[in-house]
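For reference, the structure discussed in these notes is given below.
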Amino acid sequence: MKIDGTPYRSVWVEPSDGWSIRIFDQTQLPWSLEILRLTEPGQVAHAIRSMQVRGAPLIGAVAAYGVALALRQDASTGNLERVVAALGETRPTAINLRWALSRMRGTLHNLPADARIAAAYAEAAAICDDDAETCRRIGENGLPLIEAASQGKDRVNILTHCNAGWIATVDWGTALAPIYMAHDAGLPVHVWVDETRPRNQGAALTAWELGRHGVPHTIIADNAGGHLMQHGQVDLVIVGTDRVTRQGDVANKIGTYLKALAARDNGVPFWVALPHSTLDMSVTDGVAEIPIEERPAAEVTDLTGRTADGRIETIRVAAAGSAAANPAFDVTPARLVTGLITERGRCAASEAGLLGLYPEKA
Ligand SMILES: CSC[C@H]1O[C@H](OP(=O)(O)O)[C@H](O)[C@@H]1O
């Protein structure tokens with residue numbers, strides 16, 4: 001996508017050296033656009049853990065380049081296994097991370113060591129190209145939903161949670177891809193942007209993305225969505241996901257499940273956008289089986305923002321001495337999901353629906 005007219009992806013190889021990796025530091029958005037240069041796998045692991053880079057498909061793509069950086073240091077099989085294991089432990093919920101690392105290992109394991117570096121960069125680049133094209137197709141397959149919802153309306157209101165935009169993927173995004181395409185097609189799109197406590201991916205990242213693209217949007221408190229649905233202010237909900245199970249259960253940012261409950265209670269369509277790399281057919285019952293990342297309590301008790309004189313500060317907003325729990329994801333059962341938007345089309349949130357689009361995953 002473009003930033004001030006310049007096209008960007010969310011991860012790229014530094015052209016001046018041909019091997020170091022560039023990412024945006026998402027912890028500095030929306031206040032400043034900081035581009036980081038990663039030169040070793042430890043920096044990649046830190047970037048993922050600290051959420052300098054975040055978003056299910058993007059952490060997989062960046063981890064893939066982390067393998068290439070590690071093999072530049074030591075292309076042995078032992079080091080390949082070590083870096084795949086180490087990066088795989090950085091975040092537990094998004095299956096894209098393990099999908100990308102497994103794809104890298106499968107490509108590299110049986111190669112001679114002296115062929116691994118070039119092959120690693122080629123495979124990481126292929127993962128990125130695949131993700132960008134996959135997300136573009138998700139946009140195309142979600143667009144008809146917005147077109148239908150906008151019939152006879154001077155504004156179509158879409159609610160989204162967290163950030164599933166181009167900055168969470170290599171390009172285009174998942175939940176936001178159809179929104180960008182609808183806006184660019186001239187449809188009267190307006191987006192309710194859940195702030196998405198505690199890290200405010202919505203208020204900080206989705207609002208930043210939509211604003212830079214000129215898409216009308218309004219930031220709301222997470223708890224306002226149900227009220228807006230009760231008053232007919234939401235025509236459909238589109239969210240991203242970090243893992244979808246064989247039966248169509250959806251893991252996504254904490255608070256998604258509550259939005260799905262409110263949508264069901266108010267007859268609002270609840271759609272989930274995902275690329276193939278987010279499918280995990282090895283698990284069925286998402287609530288029972290998907291590991292939910294527990295992040296630091298400080299993300300709940302503290303808040304980071306910009307002061308009136310432009311300094312970025314972190315302050316405590318909770319009572320001193322109080323404990324805080326911070327599960328970073330929840331699981332929405334398939335029964336609350338209207339349907340899934342993928343690069344291969346739309347389907348029901350069910351095993352039959354998924355196998356209809358992905359028969360090879362039977
Ligand atoms: C396009 S996947 C985006 C997905 O990832 C986010 O999680 P996080 O910000 O913790 O990486 C969130 O669940 C989004 O829906």
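Order of listing sets the numbers, starting from 1, for every ligand and every atom in it.
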Taking heavy atoms and a distance under 4.0 Å, where does Thr256 meet ligand 1: side chain, backbone, both or neither? neither
For Asn252, is at least one N or O under 3.5 Å away from an N or O on ligand 1? yes
Nearest-option assignment for atom 4 (C) of ligand 1, heavy atoms, candidates Asp242, Thr93, Thr278, Ile138: Asp242
Is there a polar contact between ligand 1 and Gln201, counting only N or O atoms under 3.5 Å apart? yes
Examine Arg91 against ligand 1 and note whether any of their N/O atoms are separated by less than 3.5 Å. yes
Minimum heavy-atom distance between Ser350 and Gly353, given as atom pair plus value: OG-N, 2.9 Å
So does Glu313 get a backbone contact from the side chain of Arg311, meaning a donor-acceptor N/O pair under 3.5 Å? no
Heavy-atom pairs closer than 4.0 Å: do any link ligand 1 to the side chain of Cys162, the backbone, both, or neither? side chain
Below 30° counts as parallel, above 60° as perpendicular, anything between as tilted: where do the rings of Tyr65 and Tyr121 land? tilted
Salt bridge (Lys or Arg N to Asp or Glu O under 4.0 Å) assessment of Glu195 paired with Lys253: CA-CA 12 Å; Glu195 61 180 344; Lys253 186 53 52 196; over 6 Å; no
Between Asp194, Asp265, Asp330, which is the residue that forms a salt bridge (charged side-chain N to carboxylate O under 4.0 Å, His left out) with Lys259? Asp194
Considering non-hydrogen atoms of the protein only, which is the closest contact for atom 9 (O) of ligand 1, and what is the distance? Arg54 NE, 2.7 Å
Just by distance, with hydrogens left out, do Gln247 and Thr245 show a side-chain donor and acceptor under 3.5 Å apart? no
Taking Thr342 for the side chain and Arg346 for the main chain, is one N or O donor matched with an acceptor at less than 3.5 Å? no
Taking atom 1 (C) of ligand 1 as the reference point, the nearest protein heavy atom with its distance: Thr174 OG1, 3.3 Å
Using the ring centroid of each side chain, check whether Tyr358 and His276 are separated by less than 6.0 Å. no
Under 4.0 Å from one or more heavy atoms of Pro57, ligand 1 contributes atoms 1 (C), 2 (S)
Could you list which atoms of ligand 1 come closer than 4.0 Å to a heavy atom of Gly55? 5 (O), 11 (O)
Is Thr169 close to ligand 1, meaning an N/O of one under 3.5 Å from an N/O of the other? no
Counting from 1 in the order shown, the ligand 1 atoms closer than 4.0 Å to a non-hydrogen atom of Ala56 are 2 (S), 3 (C), 5 (O)
Any nitrogen or oxygen of Met51, side chain or backbone, less than 3.5 Å from one on ligand 1? no
Going by the closest heavy atom to atom 10 (O) of ligand 1, which one wins out of Lys253, Gln26, Arg295? Lys253
Is the backbone N or O of Ala262 less than 3.5 Å from a side-chain atom of Asn266, with the two atoms forming a donor-acceptor pair by type? yes
With a 4.0 Å heavy-atom cut-off (strictly under), which part of Asn163 contacts ligand 1: side chain, backbone, both or neither? backbone
Over 60° means perpendicular and under 30° means parallel, so classify the ring planes of Trp192 and His190, tilted if in between. perpendicular
Have a look at ligand 1 and work out which part of Ala328, if any, has a heavy atom under 4.0 Å from it: side chain, backbone, both or neither. neither
